[in-house]
Student: 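Take this structure first; my questions come after.
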Amino acid sequence: MKKYAIRDITKCTKDCLCLYVCPTGATDTENGQIDFEKCIGCGACSEACPSRAITMIPWNYPAEQTHSKLIIQKIHKLAESKANQERMLEGLPKKSPNFNRLAKAIAKSNRIMGEDLLRESGYLIPQGVETIKFLKKLLNSDYVGKNTEEIELLIQLLSPHNK
Amino acid sequence: MGKYVCAVCGYVYDEEVTEKKFAKLADDFTCPVCMATKDAFELKKEVTKNDDIEEDLDELKELSFGQMSILCSNLAKGVEKQYKAEAAVLFHKLSSQFKEKAGVIKTEDILEVEALLQEDLAEYDEAKNIATKKGDRGALRALVWSEKVSKMVRSILNRYNKKGDSILDDTNIYVCEICGFIYIGNNLPKICPVCKVPSFKMTKVEG
C-alpha cells in the first residue's frame with residue numbers, strides 16, 4: 001500500500017533522526033512538515049523517530065466493511081434519538097452553574113454517542129463511498145444554499161491521490 | 001435473451017447482440033478473450049444495479065438535520081486524524097449549519113430526556129443481536145459502548161432526580177471524547193471505564 005509521511009509537530013522534539021535516514025531529503029523543511037513532493041513513502045523516518053511524531057498515511061484507503069440495511073436502520077434510529085436528546089438538553093432554560101454543566105455534559109455525551117454510532121453505519125473512512133454519496137446528494141439539495149463550492153472542494157479533497 | 005459471463009475473465013456473451021442462443025453454440029466454443037471453454041460460462045444474474053444506489057439515497061433522506069450535523073462533526077474528526085485541516089474546517093462548518101437548521105427542542109425539565117433514553121435502552125439488545133448475527137463487529141462495538149454510556153447517563157439522571165444539582169457541588173464533570181462516557185468526580189480513572197482510552201481524552205466540562 002502506497003503511503004506518505006506526516007509529522008505531528010506537537011510531538012516532534014527536534015531529534016532530527018528523520019533527517020539522517022530520509023533518502024530524499026523530504027524531512028528537511030523549514031515549516032516543520034514533510035515535503036509531500038519529495039516523500040517516497042519508505043517509512044524510514046517514521047521508524048527512526050524517537051518521539052513517534054511521524055505517521056505513515058496511506059494514499060488510498062481500502063473499501064470499508066459494508067453493513068446490512070437492518071443494522072443501518074437500527075443505528076439511524078438510535079442516532080436520531082441521541083440527536084434529539086442533545087437538542088432537548090440545549091433547549092433547557094439556564095439555571096445554576098451546576099445544572100448548566102450537567103446539561104452540557106449530557107448533551108456532549110449524546111453527540112459523541114451519535115457520532116460513534118453513525119460512523120459505524122458506513123462513514124468510518126471519510127474517503128469512503130457513503131461519505132462521497134452523502135456530499136454529492138447535498139450538492140443536489142437546497143440544504144446548503146450557497147456552499148456548493150465548498151462541498152465540491154470537500155469532494156475533491158477526499159478523492160483518491162494519484163501519486 | 002440471456003447474457004453469459006466467462007467466469008475466468010468476465011467476457012460477456014450477449015445473446016441479444018449475437019442473435020444466437022448460447023446453448024446452440026458448438027461444444028468447442030471458447031471465450032474469445034481468454035480461451036476458456038464453454039463450461040466456464042455462467043448465466044448472468046440480473047442485478048438491478050440502480051436499486052442499490054436508490055435505496056441508499058432513501059436512507060440518506062431519512063437523515064435528519066440533527067443526524068447530518070452529528071455525521072459531519074464526526075467526519076471532521078476523521079479528517080483531522082488524517083491531518084486534513086482544510087477538510088476538517090469545511091466539515092465543522094457543515095456540522096454547525098445543520099445544527100442550526102435542526103434547532104433546539106424547548107424543554108422544561110432535564111428528566112424529560114429520560115423518556116427517550118429508556119426507548120434507546122430498549123433497542124440495544126435487538127440491535128446487538130442483529131450485529132452479532134451479521135458478523136458486524138464495528139456496529140456491535142459502537143452499540144456496546146453507547147449502551148454502556150446510555151446506562152451511565154440514566155444513572156446520573158437518577159442521581160439528579162434524588163439529589164438535584166448538589167451532585168456537582170465542588171465536583172468536576174468530564175466527558176470522554178471517544179465514547180461519551182461521563183465521569184462525575186475529582187479523581188479521574190487512568191483510562192475510560194467504557195472505551196479504555198487514556199484519561200487525557202476525557203475533557204472537563206466548564207460552566
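These figures come from a predicted structure and were not determined experimentally.
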Student: Step through the shown structure and confirm whether more than 12 heavy atoms of other residues, nucleotides or ligands are within 6.0 Å of CG on B/D170.
Tutor: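 No.
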Student: Begin with the C-alpha distance, continue with both residues' side-chain angles, and end with the deciding distance and a verdict on side chain to side chain contact (heavy atoms under 4.5 Å, CB included) for B/F91 and A/T131.
Tutor: CA-CA 11 Å; B/F91 273 128; A/T131 309; 4.2 Å; yes
Student: Could you have a look at A/V129, A/L153, A/T66, A/N100 and say which one has the most heavy-atom pairs with chain B under 4.5 angstrom?
Tutor: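 Highest number of heavy-atom pairs under 4.5 Å: A/L153.
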Student: Verify the neighbour count for atom CG of B/D169: are there more than 12 heavy atoms of other residues, nucleotides or ligands below 6.0 Å?
Tutor: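 Count over threshold, so yes.
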Student: Measuring from atom CG of A/D116 to atom SG of B/C176, what distance do you get when rounded to the nearest 0.5 angstrom?
Tutor: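 Reported to 0.5 Å precision, the distance equals 9.5 Å.
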Student: Atom CD1 of A/I106 and atom CZ of B/R154: how far apart are they, to the nearest 0.5 Å?
Tutor: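 If I round to the nearest 0.5 Å, the distance is 13.5 Å.
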Student: Taking everything shown except B/K201 itself, do over 12 heavy atoms lie less than 6.0 Å from its NZ?
Tutor: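 No.
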Student: Tell me, do A/Y61 and B/Q82 make a side-chain contact under 4.5 Å, heavy atoms counted?
Tutor: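 Sidechains of B/Q82 and A/Y61: in contact.
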Student: Who wins among B/L143, B/I167, B/I156 for the most heavy-atom pairs under 4.5 Å with chain A?
Tutor: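 The answer is B/L143.
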Student: For the candidates B/I110, B/L75, B/D109, which exhibits the highest count of non-hydrogen atom pairs separated by less than 4.5 Å from chain A?
Tutor: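 Of B/I110, B/L75, B/D109, B/I110 has the most heavy-atom pairs under 4.5 Å with chain A.
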Student: Counting heavy-atom pairs under 4.5 Å with chain A, which one of B/G164, B/G135, B/G207, B/S73 comes out on top?
Tutor: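 If we count pairs closer than 4.5 Å to chain A, B/S73 comes out on top.
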Student: Flag the one option from B/K93, B/E119, B/M152 with the top tally of heavy-atom pairs under 4.5 Å to chain A.
Tutor: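 Looking at each option in turn, the highest pair count goes to B/K93.
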Student: Would you check if A/F99 and B/L168 make a side-chain contact, meaning some heavy-atom pair closer than 4.5 Å?
Tutor: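 A side-chain contact is absent here, since even the closest heavy-atom pair is not under 4.5 Å.
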Student: Please classify the contact of A/Q156 with chain B as side chain, backbone, both or neither, using a heavy-atom distance under 4.5 Å.
Tutor: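 For A/Q156, neither part sits under 4.5 Å from chain B.
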Student: Looking at B/E100, I want to see if its CD is surrounded by more than 12 non-hydrogen atoms of other residues, nucleotides or ligands under 6.0 Å.
Tutor: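 Atom CD in B/E100 is not crowded, with 12 or fewer foreign heavy atoms closer than 6.0 Å.
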Student: What part of B/Q97 is in contact with chain A, defined as an atom under 4.5 angstrom from a non-hydrogen atom: side chain, backbone, both or neither?
Tutor: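 The answer is the side chain of B/Q97.
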Student: In the structure I gave you, are the side-chain heavy atoms of A/R111 and B/S95 within less than 4.5 Å of one another anywhere?
Tutor: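 Yes, their side chains come closer than 4.5 Å.
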Student: Between A/K82 and B/D120, does any NZ, NE, NH1 or NH2 come within less than 4.0 Å of an OD or OE carboxylate oxygen?
Tutor: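 Answer for the salt bridge query: yes.
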Student: Assess whether atom CD1 of A/I9 is packed by more than 12 heavy atoms of other residues, nucleotides or ligands within 6.0 Å.
Tutor: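 Atom CD1 in A/I9 is not packed in, count stays at 12 or less.
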Student: At a 4.5 Å cut-off on heavy atoms, which part of A/L124 comes close to chain B: side chain, backbone, both, or neither?
Tutor: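 It is neither, since no heavy atom gets under 4.5 Å.
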Student: Checking heavy atoms, do the side chain of B/Y174, its backbone, both or neither come under 4.5 Å from chain A?
Tutor: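 For B/Y174, neither part sits under 4.5 Å from chain A.
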Student: For the atom pair CD (A/Q85) and OG (B/S150), what is the distance rounded to the nearest 0.5 Å?
Tutor: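 Result: 7.0 Å between the selected atoms.
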Student: Can you tell which part of A/T55 gets under 4.5 Å to a heavy atom of chain B, answering side chain, backbone, both or neither?
Tutor: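 Side chain of A/T55 only, per the 4.5 Å heavy-atom cut-off to chain B.
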Student: Please walk me through it: do A/K108 and B/E177 pass side chain to side chain contact (heavy atoms under 4.5 Å, CB included)?
Tutor: CA-CA 9 Å; A/K108 182 173 177 174; B/E177 297 287 344; 2.6 Å; yes
Student: Might you point out which heavy atoms bring A/A105 and B/V205 nearest each other, and give the distance in Å?
Tutor: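 So the minimum-distance heavy-atom pair works out to CB-CG2, 3.9 Å.
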Student: In terms of heavy-atom pairs under 4.5 Å with chain B, which of A/I57, A/L135, A/L78 leads?
Tutor: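 Heavy-atom pairs under 4.5 Å are most numerous for A/L78.
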Student: Give me the atom names and distance for the closest heavy-atom approach of B/D165 to A/N98.
Tutor: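 Distance-wise, the nearest heavy atoms are O-ND2, 2.9 Å.
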Student: Is there a side-chain contact between B/V79 and A/L157 in this structure, where contact means two heavy atoms from C-beta onward sitting under 4.5 Å apart?
Tutor: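 Counting from C-beta outward, B/V79 and A/L157 never come under 4.5 Å.
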Student: Working to the nearest 0.5 Å, report the span between NZ of A/K69 and CD1 of B/I130.
Tutor: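 Taking NZ in A/K69 and CD1 in B/I130, the distance rounds to 14.0 Å.
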Student: Looking only at heavy atoms, which two atoms of B/G78 and A/P126 are closest? And how far apart?
Tutor: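 Taking B/G78 first and A/P126 second, the nearest heavy atoms are C-CG, 3.8 Å.
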Student: Which pair of heavy atoms, one from A/I75 and one from B/A139, lies closest together, and at what distance?
Tutor: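 Between these two residues, the closest heavy atoms are CD1-CB, 4.0 Å.
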Student: What distance do A/L118 atom CG and B/S69 atom OG have between them, rounded to the nearest 0.5 Å?
Tutor: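 It comes to 10.5 Å.
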Student: If you compare all heavy atoms of B/E206 against all heavy atoms of A/K104, which two are closest, and at what distance to 0.1 Å?
Tutor: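 That would be O-NZ, 3.0 Å.
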Student: What residue, out of A/L92, A/L70, A/L89, has the most heavy-atom pairs lying under 4.5 Å from chain B?
Tutor: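 Among the listed options, the one with the most contacts to chain B is A/L92.
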Student: Identify the two heavy atoms, one from A/Q65 and one from B/G138, that lie closest to each other, and give their separation to 0.1 Å.
Tutor: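 Heavy atoms only, the tightest pair is OE1-N, 4.1 Å.
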Student: Assess whether atom NZ of A/K136 is packed by more than 12 heavy atoms of other residues, nucleotides or ligands within 6.0 Å.
Tutor: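 No - once you tally the heavy atoms of other residues, nucleotides and ligands closer than 6.0 Å, there are 12 at most.
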Student: Are A/N147 and B/L90 close enough that some pair of their side-chain heavy atoms sits under 4.5 Å apart?
Tutor: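 With C-beta onward as the side chain, the pair stays apart.
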Student: Can you tell me which of B/A131, B/G66, B/S146 forms the most heavy-atom pairs within a distance under 4.5 Å of chain A?
Tutor: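 Of the options given, most contacts go to B/S146.
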Student: Calculate, to the nearest 0.5 Å, the distance between atoms NE2 and CG belonging to A/H76 and B/L71 respectively.
Tutor: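 That separation rounds to 8.0 Å.
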Student: Please look at B/R137 and chain A and tell me whether the side chain, the backbone, both or neither of the residue comes under 4.5 angstrom of a heavy atom of that chain.
Tutor: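 When you check distances to chain A, only backbone atoms of B/R137 fall under 4.5 Å.
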Student: Do B/K77 and A/I112 have side chains that get closer than 4.5 Å, going by heavy atoms?
Tutor: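 The answer is yes, as the side chains (C-beta and beyond) meet within the 4.5 Å cut-off.
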Student: Under the side chain to side chain contact (heavy atoms under 4.5 Å, CB included) criterion, do A/N110 and B/I70 qualify, and how do the steps go?
Tutor: CA-CA 10 Å; A/N110 272 291; B/I70 286 174; over 6 Å; no
Student: Identify which of A/R87, A/E90, A/Q127 forms the greatest number of heavy-atom pairs closer than 4.5 Å to chain B.
Tutor: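 Ranked by contacts with chain B, first place is A/R87.
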Student: Looking at A/H67, is its backbone amide N or carbonyl O close enough to the side chain of B/K134 to form a donor-acceptor pair, meaning the two atoms are under 3.5 Å apart?
Tutor: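 Checking the backbone N and O of A/H67 against the side chain of B/K134, no donor-acceptor pair under 3.5 Å is found.
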Student: Assess the residue pair B/N74 and A/Y123 against the criterion (side chain to side chain contact (heavy atoms under 4.5 Å, CB included)); give the C-alpha distance rounded to whole Å, side-chain angles, the decisive distance to 0.1 Å, and a yes or no.
Tutor: CA-CA 9 Å; B/N74 188 248; A/Y123 302 97; 5.7 Å; no
